[in-house]
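Take a look at the structure below.
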2 protein chains.
Amino acid sequence: MNAPPSDMTQALREAGYRLTRPRLAVLQVLRENEEGLDPQEVHRLGKALCPSLGLVTVYRTLDLLAELGLARRVHSEQHCHRFASATCGDAGRDSHHLVCRGCHRVVEFPCEGLEGLIEGVRQRTGYTITGHLVELSGLCPACQAAQADGEKEADL
Amino acid sequence: MNAPPSDMTQALREAGYRLTRPRLAVLQVLRENEEGLDPQEVHRLGKALCPSLGLVTVYRTLDLLAELGLARRVHSEQHCHRFASATCGDAGRDSHHLVCRGCHRVVEFPCEGLEGLIEGVRQRTGYTITGHLVELSGLCPACQAAQADGEKEADL
DNA sequence: GTGCTTGCAAACCCTTTGCAGTGAA
DNA sequence: TTCACTGCAAAGGGTTTGCAAGCAC
């Protein structure tokens, strides 16, 4: 059980938006589900916290949160329209996600070491680079262990 | 005007698929438009090459080509459902695109210098990294020039 | 000739819009 | 009390499915 996302409610408030139960529900759902959810899933889970929650409100709230940098859109080959909680604040437009192929959990990582790549591309292509989207995929430690167990069982 | 994409037709054939006019049209459209097209655009352009081309067929063909590695899905914050021609063959799952914010042209770039980043993330998170999606966005030289011209005019 | 492929129409489903009622400040 | 916000209903638009006709092999 997570504590209410006080940082985020603060940020919403400071941006001049009202703190309503539907918005709190969406925030809480994103916090409790790191794996990235699509609007339908947010709606389904959010109704547990706010039974009157409408799907339309989920769409509007997700847009709002993404705009404020409190949520971020997650893209992958399979799912393009998922949202995950952002750590906090206006994290800017660039995103660096690590998506687990097993449990779909999404974690962020600091994007150090990309400057060299960007500089090289800039020199080679003549483009000015203004944004980047880096999404790594792999297996988290838990899913690695689960996979190893599965293989052991298969060997019996 | 491009030559017919002979490598690709060969690959289609070898995979046991028939070479039909709609498929050739879709292939050709992807080849002639590097910037990445959504299915609607492929359909519109493809009708010039094959007037009877149906939108449904475009969807089915794009899926097929993506599966064979002849086309690749392009994701970005704005457009998640675009397709671009793959250089050729089964180019693997990893993609490195540079998207121009002005003209939406997509170019690929060699992804050197990412190993260090990946290794760092692996050590820090314990994840095994099996794939990556890197998309840089910016302005191509032509659009930079266009923008500069626009600003000059605005100054008058 | 065979059966994979196509195109049409319709179904589906996700997303957005319009609008009147509701509730946070 | 005010008006931003919500939920409902309906519209909108992209994508998929079913099926008979067409065409590559």
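Residue numbers begin at 1 in each chain, while the letters A, B, ... track the order of the sequences.
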*Whole-Å gap separating C1' (dT22(C)) and CG (L53(A))*: 15 Å
*How many Å lie between CG on L37(B) and C1' on dG14(D), as a whole number?*
16 Å
*Locate the shortest heavy-atom distance separating R73(A) from A66(A); write the atom from each residue and the value.*
NH2-CB, 3.9 Å
*Report the residues that fulfil salt bridge (Lys or Arg N to Asp or Glu O under 4.0 Å) with R18(B), sequence neighbours left out, ordered by chain and then residue number.*
none
_Contacts of type salt bridge (Lys or Arg N to Asp or Glu O under 4.0 Å), residue R21(A), not counting sequence neighbours_ = none
*Listed by chain and number, what are the side chain to side chain contact (heavy atoms under 4.5 Å, CB included) partners of R13(A), not counting sequence neighbours?*
L19(A)
*Treat primed atoms plus P, OP1 and OP2 as sugar-phosphate and everything else as base, then score nucleotides 16-25 of chain D 5' to 3': B for base contact with protein heavy atoms under 4.0 Å, S for sugar-phosphate contact only, - for none.*
BBB-----BS
*Do you know the tightest heavy-atom contact between L64(A) and Y17(A)?*
CD1-CZ, 3.4 Å
*Considering only heavy atoms, which members of residues 38-52 of chain B lie under 4.0 Å from some atom of DNA chain C?*
S52(B)
*E119(A): partners by salt bridge (Lys or Arg N to Asp or Glu O under 4.0 Å), with sequence neighbours left out*: R122(A)
*asked:* Using every non-hydrogen atom in the two residues, find where L53(A) and P22(A) come nearest and quote the distance to one decimal.
replied: CD1-CB, 3.7 Å
_Distance check needed: dC14(C) P versus L62(A) CG, whole Å only._
15 Å
*Non-hydrogen atoms of Q144(B) and L139(B) that approach each other most closely*: NE2-O, 2.8 Å
